[in-house]
*Asks:* 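The following block contains the structure, expressed as structure tokens.
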Amino acid sequence: MPTIAVLGTLDTKGREHAYVAEVIRSLGHEALLIDAGTTDRPQVAPDIRVTEILPGFSRPADRGSCIAEVCAAMPAFAEKLAASGRIEAVISLGGGGGTSIATAAMRALPLGMPKVMVSTLASGNTAHYLGTSDITMMPAVVDVAGLNRLSRAVFRAAAHAVCAMAAARASNQNGGGESDGEKPLVVASMFGNTTACVEAAKAQVERRV
């Protein structure tokens, strides 16, 4: 079964991420608990500590600088995990800092790899968190600050979602899904006032391949 990275600031939201990891394991998947917290004092035992993401890590004087330092290290670390086949999906829970850190990692991962971000910021302008990636952002509804009947329902649904997405991707890679065949892929940028032109060009291209 796919291994799903459960990535988050485990120094402040460790119990919440541990709960998500528990749900993932109960569904038959593997969970890799990764601490991206800014203190290296996780509430629960991680599989990967922040010092592995950022060797020589020492907490800067202010939280903002610390978050920026971890964010800068996340893309290369996430790419390495994915390239080695160690993870097939990622999920995270967070507020402002946690969302910045986790989405920095997610934006570096391949298109199609499941990425679920449960965030208190999901109902606002998320453009700078998403970039051009296919991150799925899910509103946390309540703050990511403890486990109760509301937060458990949201976190459990997110865990089920990322597991289903990972299973579907694994099925496609194993020949159980649709194939693009051998036709070349042509990319076109389109906006409302250019739709007719792009659709006409698309028809011309499809007739020639």
*Asks:* Quick one: CZ on Arg25 to CG on Leu27, what's the gap to the nearest 0.5 Å?
*Replies:*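 Result: 12.0 Å between the selected atoms.
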*Asks:* Could you tell me if the side chain of Asp11 sits less than 4.5 Å from the side chain of Pro42, heavy atoms only?
*Replies:* no
*Asks:* Please tell me if the side chains of Phe155 and Leu93 come closer than 4.5 Å, counting only heavy atoms from C-beta onward.
*Replies:*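 Side-chain contact under 4.5 Å: yes.
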*Asks:* Check for a donor-acceptor pair, side chain of Lys115 on one end and backbone N or O of Pro110 on the other, with a separation under 3.5 Å.
*Replies:* yes
*Asks:* Would you sort out whether Met74 and Leu7 count as a side chain to side chain contact (heavy atoms under 4.5 Å, CB included), showing the intermediate values?
*Replies:* CA-CA 11 Å; Met74 287 307 306; Leu7 166 68; 3.9 Å; yes
*Asks:* I need the minimum non-hydrogen distance between Ser92 and Ala102, along with the two atoms involved.
*Replies:* OG-CB, 3.3 Å
*Asks:* For Ala31 versus Asp47, what's the shortest heavy-atom pair and its separation?
*Replies:* O-OD2, 3.7 Å
*Asks:* Spell out, as yes or no, whether a donor-acceptor pair under 3.5 Å connects the side chain of Ser171 to the backbone of Ala167.
*Replies:*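 No; zero donor-acceptor contacts below 3.5 Å.
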*Asks:* Could you walk me through whether Val141 and Leu150 pass the side chain to side chain contact (heavy atoms under 4.5 Å, CB included) test, one step at a time?
*Replies:* CA-CA 8 Å; Val141 183; Leu150 296 178; over 6 Å; no
*Asks:* Which pair of non-hydrogen atoms, one from Thr120 and one from Gly95, has the smallest distance, and what is that distance?
*Replies:*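 Closest heavy-atom pair between Thr120 and Gly95: OG1-CA, 3.4 Å.
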*Asks:* Do Thr126 and Leu121 come close enough that some side-chain heavy atom pair is under 4.5 Å?
*Replies:*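 Thr126 does not reach Leu121 side chain to side chain.
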*Asks:* Would you say that Ile91 contacts Ile4 through its side chain, given a criterion of any heavy-atom pair below 4.5 Å between the two side chains?
*Replies:*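 Of all side-chain heavy-atom pairs linking Ile4 with Ile91, at least one is under 4.5 Å.
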*Asks:* Under the 3.5 angstrom rule, does the side chain of Ser100 hit a backbone N or O of Gly96 as a donor-acceptor pair?
*Replies:* yes
*Asks:* Group every Ile, Leu, Val, Met, Phe, Trp and Tyr by side-chain heavy-atom contacts under 4.5 Å, then state whether Phe77 and Tyr129 land in the same group.
*Replies:*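 Same cluster.
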*Asks:* Between atom CZ of Arg41 and atom CZ of Arg49, what is the distance when rounded to the nearest 0.5 Å?
*Replies:*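 Those atoms lie 11.0 Å apart.
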*Asks:* Could you go step by step and tell me if Val90 and Met113 meet the side chain to side chain contact (heavy atoms under 4.5 Å, CB included) rule?
*Replies:* CA-CA 8 Å; Val90 61; Met113 176 176 283; 5.7 Å; no
*Asks:* Taking all heavy atoms of Arg169 and all of Pro114, pick out the closest pair and write down the distance.
*Replies:*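 Closest heavy-atom pair between Arg169 and Pro114: CD-CD, 3.5 Å.
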*Asks:* Would a 4.5 Å heavy-atom cut-off, applied to side chains only, mark Ile53 and Ile34 as touching?
*Replies:*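 Yes. Closest side-chain heavy atoms under 4.5 Å.
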*Asks:* Given side chains that start at C-beta, do those of Met165 and Thr136 come closer than 4.5 Å, heavy atoms only?
*Replies:*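 Counting from C-beta outward, Met165 and Thr136 do come under 4.5 Å.
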*Asks:* Quick check for you: to the nearest 0.5 Å, what is the distance between Ser133 atom OG and Leu109 atom CG?
*Replies:*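 If we round to the nearest 0.5 Å, Ser133:OG and Leu109:CG are 7.5 Å apart.
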*Asks:* State whether the side chain of Ser119 and the backbone N or O of Met137 hold a donor-acceptor pair below 3.5 Å, judged by distance alone.
*Replies:*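 Side chain of Ser119 to backbone of Met137, a donor-acceptor pair under 3.5 Å: no, none is there.
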*Asks:* Out of curiosity, Leu147 CG to Arg152 CZ, how far, rounded to the nearest 0.5 Å?
*Replies:* 5.0 Å
*Asks:* Are Leu32 and Ile101 joined in one hydrophobic group, where the rule is that I, L, V, M, F, W and Y side chains link up if heavy atoms are under 4.5 Å apart?
*Replies:* yes
*Asks:* How close do Pro46 and Leu10 get, heavy atom to heavy atom, and via which atoms?
*Replies:*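 Result for this residue pair: CB-CD1, 3.8 Å.
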*Asks:* Could you give the distance from NE2 (His17) to CD (Gln43), rounded to the nearest 0.5 Å?
*Replies:*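 Atom-to-atom, His17:NE2 and Gln43:CD are 10.5 Å apart.
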*Asks:* Under a 4.5 Å side-chain heavy-atom rule over Ile, Leu, Val, Met, Phe, Trp and Tyr, are Met138 and Val20 clustered together?
*Replies:*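 Met138 clusters together with Val20.
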*Asks:* Over all heavy atoms of both residues, which pair between Thr3 and Glu88 is shortest? Give the atoms and the distance, please.
*Replies:* N-OE1, 2.5 Å
*Asks:* For a 4.5 angstrom cut-off between non-hydrogen side-chain atoms, does Ile67 reach Thr38?
*Replies:* yes
*Asks:* Is Val44 reachable from Val144 through a run of hydrophobic residues whose side-chain heavy atoms are each under 4.5 Å from the next?
*Replies:* yes
*Asks:* First locate atom NE2 of His160, then atom CD1 of Ile24, and finally report the distance between them rounded to the nearest 0.5 Å.
*Replies:* 10.0 Å
*Asks:* Using side-chain heavy atoms (C-beta onward) and a distance below 4.5 Å, is Leu81 in contact with Ile48?
*Replies:* yes
*Asks:* Tell me whether Leu33 is reachable from Met117 by hopping between hydrophobic residues (I, L, V, M, F, W, Y) whose side-chain heavy atoms are closer than 4.5 Å.
*Replies:*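 No; Leu33 is not reachable from Met117 via cluster members.
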